[in-house]
Undergrad: 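Pasting a structure below so you can have a look.
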Amino acid sequence: MYIDFYGGFNFIFISFLIWWIALLAFQRIMYRSHEKRSWTRDIIVTFFQSLFVVVFLPIIAYFVKP
């Protein structure tokens, strides 16, 4: 199911990196002025968020097909 949705392991890796960078940028911009947050915490949190998106996006797309 994952290979059919993404097209290959290279695309899965690139998709993961794009999600990770986008979520990390969003996380750093949103909490820049409110509180001091460490880079390490933000990197770990956005790593798991992007992993969640890459794993569950094909599952959601499979069940939402028209």
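Everything numeric here is computed off the predicted structure, so don't read it as measured data. This chain uses plain numbering: 1 for the first residue, then up along the sequence.
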Undergrad: Report the distance from atom CE of Met30 to atom CG of Leu23, rounding to the nearest 0.5 Å.
TA: 12.5 Å
Undergrad: Could you work out the complete set of other residues in the hydrophobic cluster of Ile18, with links drawn between I, L, V, M, F, W and Y side chains under 4.5 Å apart?
TA: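 Same cluster as Ile18: Ile14.
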Undergrad: Taking only residues at least two apart or on different chains, which pairs with a member in residues 8-22 satisfy salt bridge (charged side-chain N to carboxylate O under 4.0 Å, His left out)?
TA: none
Undergrad: Could you see if Phe48 belongs to whatever hydrophobic cluster contains Ile21? Use Ile, Leu, Val, Met, Phe, Trp, Tyr and a side-chain cutoff under 4.5 Å.
TA: no
Undergrad: Can you list every salt bridge (charged side-chain N to carboxylate O under 4.0 Å, His left out) pair that touches residues 13-26, not counting sequence neighbours?
TA: none
Undergrad: Provide the full list of salt bridge (charged side-chain N to carboxylate O under 4.0 Å, His left out) pairs with a residue in residues 41-51, sequence neighbours left out, each pair given once.
TA: Arg28-Asp42, Arg37-Asp42
Undergrad: Per the salt bridge (charged side-chain N to carboxylate O under 4.0 Å, His left out) rule, what does the pair list look like for residues 50-63, sequence neighbours excluded?
TA: none
Undergrad: Which pairs, with at least one residue in residues 17-26 and sequence neighbours excluded, count as a side-chain hydrogen bond (donor to acceptor under 3.5 Å, both in side chains)?
TA: Trp20-Thr46
Undergrad: With ring pair (Phe, Tyr, Trp, His ring centres under 6.0 Å) as the test, would you mind laying out the steps for Phe16 and Phe47 before giving the verdict?
TA: CA-CA 9 Å; Phe16 176 79; Phe47 174 82; 5.3 Å; yes
Undergrad: Taking a hydrophobic cluster as the set of Ile, Leu, Val, Met, Phe, Trp and Tyr residues connected by side-chain heavy atoms closer than 4.5 Å, whether directly or through intermediates, do Val54 and Leu51 fall within one such cluster?
TA: yes
Undergrad: Do Leu17 and Val45 sit in one hydrophobic cluster, given that two such residues count as connected whenever their side-chain heavy atoms are within less than 4.5 Å of each other, even indirectly?
TA: no
